[in-house]
Amino acid sequence: METMTNQLSDRINNLATSATLAMAAKARELRGEGKDVIGLSLGEPDFNTPDFIKQAAIDAVNENYNSYTPVDGYAELKQAIITKFKRDNDLTYEPSQIVVSTGAKQALYNLAQVCLNPGDEVVLPCPYWVSYSDIVKLAEGVPVEVPTSIDTDFKMTPGQLRAAITPKTKMLWYSSPCNPSGSIYSKEELRALADVLKDYPEIIVVSDEIYEHINYVGDHASMAQFEDMYDRTVTVNGVAKAFAMTGWRIGYIGGPSYIARACNKIQGQVTSGANCIAQRATITALMSPVSKIQYMVDEFKERRKLILDLVQEIPGFECNEPEGAFYIFPNISYYFGKTLKGKEISNASDFAMFLLEEANVATVTGDAFGGPNCIRISYAASQEQIKEAMKRIKAAVAG
Ligand code: PMP
Ligand code: GLU
């Protein structure tokens, strides 16, 4: 029997567990107990990695790519990333401005560690991706949440940005397309935010574009495309979502070379370079025409229509029409203060737990994303699963 008391650091004791991963683990556990749980909690494409990418990995194994990799990534991969940035985003980077990491998550962690001093503030438009807030806190930064609502399609307005900035503001982090709201900032909207930032030239912007290709409305705009923002914007991307490569763990940044050097330095002490085989496969993924992955985007688009139609039939779910990513983020505050099947619903966490227990559907509470009136439902699942899940939710809330 273990008898030692908790000797862990305050740092870890104060860290929240990732709500997305925790809910996915809970769903897995219940499934292990024989419960028929539909998992709509994790943001993970349900497709297999395309064969042409798998083949590149098999070739890399056979060609003996087995040694430590350069800390900031293979030169050929950095070149492929440079080509991708130019081709898709009209962004010009040098190899010294690129760092490959173990997932976009590590790229974000690096950025917080290398840019933030204790007490530095990071503006996070809500809802934000679940890990931003805790990654910032791990670097002793202070997340400054900017609440938004369905009325502005969950986007931060220039006025809100200005009001959130203080002398301690060091960074702004956002994702577009956004996880969890699916909202996409247009070029004009980004320009309006950049205009506010003109008055604060010291603020660094982290533009997380990992859902870039999962876009149902058209053009993708990047903050770094504006000449006056290029020098202080870090563009984060990765292969997890568009190429169905979540487990391969490759993400990357393009940004100012002094920041890239710093990310290289921290990575050199913490993980070394990212996995050799996954990096080789990523070269093939990024160098292929984007049309090769369009079939997945087309399928996500159909599922989006399906889930939006079905959610309308459920009382008390108020939803925007997401333009990208593969989530809906309905406001379910209608149920707060109500009792469903004998369970009191006080907040979104109660509601997500209710759905898990009474409908056998795993979702994630909006609290974890800075959206306490909402839950996140991933539609990276088959149309049958989506139909069944929505049917179950409708039945459960009907009492
Ligand atoms: N940013 C956003 C907005 C995400 O949804 C995710 C989830 N995968 C990540 C970063 C992390 O990506 P990766 O799997 O490459 O670490
Ligand atoms: N990014 C995905 C999500 O939001 C994967 C889980 C995670 O990395 O937290 O569900």
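All ligand and atom numbering here is 1-based and tracks the order in the structure. Quick caveat: nothing in here was measured; it's all calculated off a predicted structure.
- By the 4.5 Å heavy-atom criterion applied to side chains, Leu91 and Ser222 are counted as neighbours.
- Not a single heavy atom of Gly238 sits under 4.0 Å from any atom of ligand 1.
- Among protein heavy atoms, the minimum distance from atom 15 (O) of ligand 1 is reached at Ala104 N, 2.8 Å.
- With hydrogens and angles left out, the side-chain atoms of Ser257 and Glu94 include no donor and acceptor closer than 3.5 Å.
- Proximity to Lys105 (heavy-atom distance under 4.0 Å) selects the following atoms of ligand 2: 7 (C), 8 (O), 9 (O).
- Only the side chain of Leu21 comes within 4.0 Å of ligand 2, counting heavy atoms alone; its backbone N, CA, C and O stay farther away.
- Between Tyr132 and Trp173, the two ring planes are perpendicular [angle over 60°; tilted spans 30° to 60°].
- By the 3.5 Å distance cut-off applied to N or O atoms, Asp208 is counted among the residues near ligand 1.
- Contacts with ligand 2 closer than 4.0 Å are made by side-chain heavy atoms of Asn179 only, the backbone lying farther away.
- Remark: minimum distance from atom 9 (C) of ligand 1 to any protein heavy atom is reached at Trp129 CH2, 3.4 Å.
- In the vicinity of Lys241, heavy-atom distances shorter than 4.0 Å reach the ligand 2 atoms 1 (N), 2 (C).
- For the pair Trp129 and ligand 2, the shortest N or O to N or O distance falls below 3.5 Å.
- Of the polar atoms of Ile210, none of the N or O atoms is found under 3.5 Å from an N or O of ligand 1, judged by distance alone.
- By the 30° and 60° cut-offs, the orientation of the rings of Tyr211 relative to Phe326 is perpendicular.
- Residue Arg249 has at least one N or O atom closer than 3.5 Å to an N or O atom of ligand 1.
- Checked by distance only, ligand 2 and Thr20 come closer than 3.5 Å through their nitrogen or oxygen atoms.
- For Tyr252 and Phe85, the gap between ring centers is short of 6.0 Å.
- Residue-to-ligand polar distances place Lys105 within reach of ligand 1: an N/O pair is separated by less than 3.5 Å.
- Judged by distance alone, the side chains of Gln383 and Glu299 do bring a donor and an acceptor atom under 3.5 Å apart.
- Under 4.0 angstrom from ligand 2, there are no non-hydrogen atoms of Glu44.
- Gln267 and Ser101 share a donor-acceptor pair across their side chains, judged by distance under 3.5 Å alone.
- Heavy atoms from both the backbone and the side chain of Leu42 come within less than 4.0 Å of ligand 2.
- In the vicinity of Tyr211, heavy-atom distances shorter than 4.0 Å reach the ligand 1 atoms 3 (C), 4 (C), 5 (O).
- Note: Tyr185 and Tyr174 meet the aromatic proximity criterion, with ring centroids under 6.0 Å apart.
- Closest to atom 8 (N) of ligand 1 among all protein heavy atoms lies Lys241 NZ, 2.6 Å.
- For Phe52 and Phe243, the gap between ring centers reaches or exceeds 6.0 Å.
- Glu212 and Asn89 share a side-chain donor-acceptor pair at under 3.5 Å.
- For a threshold of 3.5 Å applied to N or O pairs, the pair formed by Thr246 and ligand 1 contains no separation below that value.
- Looking only at atom types and distance, the side chain of Asp367 has no donor-acceptor partner in the side chain of Asn347 under 3.5 Å away.
- Taking the six-membered ring wherever Trp is involved, the centroid distance between the rings of Phe351 and Tyr334 does not fall below 6.0 Å.
- Interface of Ala240 with ligand 1, defined as ligand atoms under 4.0 Å from a residue heavy atom, comprises 14 (O), 15 (O).
- Per-residue contacts place Asn179 under 4.0 angstrom from the following atoms of ligand 1 (heavy atoms of the residue considered): 3 (C), 4 (C), 5 (O).
- Between atom 5 (C) of ligand 2 and the options Gly43, Gly238, Ser175, Ser18, the minimum heavy-atom separation is to Gly43.
- With respect to Lys301 and Asp298, no salt bridge is recorded, no charged nitrogen being found less than 4.0 Å from a carboxylate O.
- Of all the atoms in ligand 1, the ones that sit under 4.0 Å from a non-hydrogen atom of Gly103 are 15 (O), 16 (O).
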